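No experiment lies behind these values; they were computed from the predicted model shown. Whatever order the structure lists ligands and atoms in, that order sets their numbers, starting from 1.
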Amino acid sequence: MAKHPLPTIDPGRSEFGLARTVCDCTDCVLNCRFLPGYLVPADLSRIGEHLAPDEDLLAWSREHLLASPGAQVMRDDRVFRIRTLVPARREDGACRFLTAADRCAIHPVAPFGCAFFDTHQTREDSDARSKLGLQAVLEAWQSGDTYAQVWAMLAEAGRVAPPPEVCRAQMRWADDPS
Ligand code: SF4
């Protein structure tokens, strides 16, 4: 018997040819509490325009986003990080967009790292999806895209997120303190 209701597919939103998944089970919401998903470059203006269409993107980002040191990846036997933008946190460490009812306040435009992942996917599926997202972020860095400029501005202002491996360890402990 399945432990949780299975995620549903939302064909109304796609990225890199993938359809988003939708799930609000306890395990998926745990990510919102400890490891909010990263933005891909297309998310930046999409979320900004959804929340504050008349606000300057840099000013908006400073309030709502953090610079994360990003995921560790290996290429050509070399380990390095791809720096990402992630949602800012509440005082308790949870994503600032997580509502009191444990729902996503920006669900229609949730970041790629949230909207296209759920805890029911296979490791292979989530790794393949993440590879596409991180490649887009890497290209944004290589081209000096607004994404990279916003990250640098946030880092300079000290608006930084903990490394994902630290968030993941905290999440594992919260899920199973034994
Ligand atoms: S943006 Fe939404 S889905 Fe993503 S971590 Fe925050 S509350 Fe969760």
**Study point:** Pairs satisfying ring pair (Phe, Tyr, Trp, His ring centres under 6.0 Å), at least one member in residues 39-62, at least two apart
**Key:** Trp60-His64

Review point. Can you list every pair that meets ring pair (Phe, Tyr, Trp, His ring centres under 6.0 Å) and has a residue in residues 125-147, with sequence neighbours left out?
Key: Trp141-Trp151

Review point. Salt bridge (charged side-chain N to carboxylate O under 4.0 Å, His left out) between Glu124 and Arg129: does it pass, once the steps are laid out?
Key: CA-CA 9 Å; Glu124 290 74 22; Arg129 286 169 177 249; over 6 Å; no

Revision key, fill the gap. Nearer than 2.8 Å to atom 2 (Fe) of ligand 1, the protein contributes N, O or S atoms numbering 1

Review point. Which hydrophobic side chains are connected to Val29, either touching it within the sub-4.5 Å cutoff or through other members that do?
Key: Leu98

**Study point:** Salt bridge flag under 4.0 Å for residues Asp92 and Arg90
**Key:** yes

Review point. Between Phe112 and Phe16, is the ring centre distance below 6.0 Å?
Key: yes

